[in-house]
Q: 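I am attaching a structure below and will ask some questions about it afterwards.
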Amino acid sequence: MKYLLVLLLLSISYACNDDEVRLQEDVLADYIALNDALELTDLIACAGGREEGLFNDATIPTSIFYYPIEGATDFRYYEAESIADSVNFNKYKRKELPDEPIFNGYLRKFTRTPFKGERMGIVTYKTEGKLHVCNPIRLKINPKPTEVNADLVNIQENQVNPVFTWEDGRIKENVIYFQIISDTEGNLISGTYTIEKNFTFYNLDNVVLNITNKRTMPVLQPDTEYVFTMMAVSEDNWVNLLVEKKFRTK
């Protein structure tokens with residue numbers, strides 16, 4: 001995160017030093033400069049595009065997923081047209097995209113209409129006293145559409161503490177795995193990240209990041225159907241693999 005903050009400060013320095021420059025909220029570097037009274041911090045985001053039809057099908061939209069912490073407001077999406085500008089925040093321009101809750105509001109997503117080639121995206125939002133900015137996301141839906149393959153996950157239905165294991169798909173570039181357990185109505189029960197290709201509910205021994213509600217201990221009921229969702233994410237925050245599979249506790 002310190003690396004991102006340094007890049008942000010470098011990219012907006014021109015705006016702070018040139019009185020003749022008129023800052024615009026639609027330019028990411030300017031937007032950060034205009035909010036310099038707020039503490040700059042991070043947020044969790046990634047993006048993916050489902051594999052449908054032909055490989056490299058340019059008609060498929062891209063979903064930009066993000067986790068809005070409690071009190072988050074003013075959700076924004078900025079995009080750079082060239083991956084060469086991934087850390088040049090003067091090149092990121094705001095795009096008005098459809099924004100909707102998923103998992104009954106625990107997460108949210110922007111939906112990006114189809115485009116050619118690759119783009120870079122950044123999500124921002126505000127909480128009290130803070131401006132949250134995610135690490136740059138490389139939108140790779142055209143060269144590397146997200147693989148959707150439920151057969152790559154194995155679920156050992158061990159009473160109310162099932163064990164989930166999975167394999168990488170055709171793209172072997174994953175550095176972290178995001179697991180979501182939800183009920184059949186889409187309510188998120190737990191959200192965890194591991195760097196290992198396994199997760200046991202609700203054992204946090206190999207969890208490197210946990211976005212589960214800390215106020216309650218998540219539990220699964222016996223003889224009840226749930227849904228396991230897993231995203232395999234690359235270093236540049238692209239979802240290479242999505243698995244979604246129902247299971248029933250014993």
Side-chain angles (χ1 to χ4, degrees), residues 1 3-4 7-8 28 31 42-53 55-69 72 74-89 91-103 105-125 132-149 168-180 188 191-195 209 211 229-244:
M1 184 57 205
Y3 176 67
L4 172 60
L7 291 172
L8 286 168
L28 179 58
Y31 180 61
D42 59 354
L43 68 90
I44 300 170
C46 63
R50 287 176 179 250
E51 178 188 37
E52 297 176 10
F55 191 76
N56 291 338
D57 185 346
T59 66
I60 306 169
T62 298
S63 296
I64 299 100
F65 306 99
Y66 63 99
Y67 169 52
I69 64 175
D74 195 9
F75 308 125
R76 295 180 177 224
Y77 173 72
Y78 290 82
E79 188 173 280
E81 294 186 357
S82 171
I83 59 173
D85 295 322
S86 62
V87 294
N88 184 352
F89 295 97
K91 296 292 187 179
Y92 284 79
K93 304 298 191 297
R94 187 182 183 186
K95 285 192 173 293
E96 298 283 354
L97 300 182
D99 178 30
E100 62 182 312
I102 56 177
F103 293 104
Y106 206 91
L107 301 175
R108 298 187 68 88
K109 74 170 182 177
F110 290 104
T111 301
R112 174 69 166 92
T113 53
F115 56 88
K116 295 181 179 179
E118 299 180 63
R119 303 289 175 90
M120 299 299 303
I122 287 180
V123 176
T124 73
Y125 59 67
H132 300 254
V133 181
C134 78
N135 284 307
I137 307 166
R138 186 167 174 174
L139 308 182
K140 300 188 286 189
I141 188 169
N142 294 311
K144 295 181 179 178
T146 301
E147 180 181 3
V148 182
N149 190 346
D168 287 326
R170 66 169 183 268
I171 301 173
K172 317 292 185 182
E173 299 174 355
N174 305 309
V175 298
I176 199 164
Y177 303 91
F178 180 33
Q179 309 92 35
I180 299 168
L188 187 143
T192 51
Y193 287 80
T194 68
I195 57 175
L209 181 62
I211 66 167
T229 303
M230 192 281 296
M231 298 181 189
V233 186
S234 63
E235 188 173 8
D236 48 18
N237 301 304
W238 179 252
V239 178
N240 290 315
L241 172 66
L242 172 67
V243 299
E244 199 173 57

Q: Nearest 0.5 Å, please: how far is CD in Gln179 from OG1 in Thr194?
A: 4.0 Å
Q: Is there side-chain contact between His132 and Ile69, with heavy atoms separated by less than 4.5 Å?
A: yes
Q: Could you measure the distance from the CG atom of Leu139 to the OG atom of Ser63? Nearest 0.5 Å is fine.
A: 10.5 Å
Q: When the ring planes of Phe75 and Tyr125 are compared, do they come out parallel, tilted or perpendicular, using 30° and 60° as the limits?
A: perpendicular
Q: Would you indicate whether the side-chain heavy atoms of Thr229 and Phe103 approach each other to under 4.5 Å?
A: yes
Q: Report yes if some heavy atom in the side chain of Ile122 is under 4.5 Å from a heavy atom in the side chain of Phe89; otherwise report no.
A: yes
Q: Donor-acceptor pair, distance only, cut-off 3.5 Å: does the side chain of Tyr92 make one with the backbone of Ser86?
A: yes
Q: Quick one, Arg76 and Tyr31 - any side-chain contact, counting heavy atoms below 4.5 Å?
A: yes
Q: Is there a donor-acceptor pair closer than 3.5 Å between any side-chain N or O of Tyr78 and the backbone N or O of Thr124?
A: no
Q: Is there side-chain contact between Phe115 and Asn142, with heavy atoms separated by less than 4.5 Å?
A: yes
Q: Would the distance check show the side chain of Asn240 and the main-chain N or O of Lys172 forming a donor-acceptor pair, the cut-off being under 3.5 Å?
A: no
Q: Which heavy atom of Met120 sits nearest a heavy atom of Pro136, and at what distance?
A: CE-CB, 3.7 Å
Q: Rounded to the nearest 0.5 Å, what's the gap from CG on Leu28 to CG on Asn88? Could you check?
A: 10.0 Å
Q: If you round to the nearest 0.5 Å, how far is NZ of Lys93 from NZ of Lys91?
A: 6.0 Å
Q: If I take atom CG from residue Asn237 and atom CE from residue Met231, how far apart are they, to the nearest 0.5 angstrom?
A: 12.5 Å
Q: For Trp238 versus Arg138, what's the shortest heavy-atom pair and its separation?
A: CE3-O, 3.4 Å
Q: Could you pull out the closest heavy-atom pair between Leu107 and Pro68, with the gap in Å?
A: CA-CD, 3.9 Å
Q: Going by heavy atoms in the side chains, are Ile141 and Arg112 under 4.5 Å from each other?
A: no
Q: Taking all non-hydrogen atoms of both residues, which atom of Gly48 and which atom of Val239 are closest, and how far apart?
A: CA-CB, 4.1 Å
Q: Between Phe65 and Phe178, does the ring centre distance come in under 6.0 Å?
A: no
Q: Say whether Tyr77 and Glu79, considering side chains only, have a donor N or O and an acceptor N or O under 3.5 Å apart.
A: yes
Q: Is there side-chain contact between Lys140 and Ser234, with at least one heavy-atom pair below 4.5 Å?
A: yes
Q: How far apart are the closest heavy atoms of Tyr66 and Ala45, and which atoms are they?
A: CB-CB, 3.9 Å
Q: Side chains of Tyr177 and Thr192: does their closest heavy-atom pair fall under 4.5 Å?
A: no
Q: Which atom names give the shortest non-hydrogen contact between Ile44 and Ile211, and what distance separates them?
A: CD1-CG2, 3.8 Å
Q: Between atom OG1 of Thr62 and atom CD1 of Ile137, what is the distance when rounded to the nearest 0.5 Å?
A: 10.5 Å
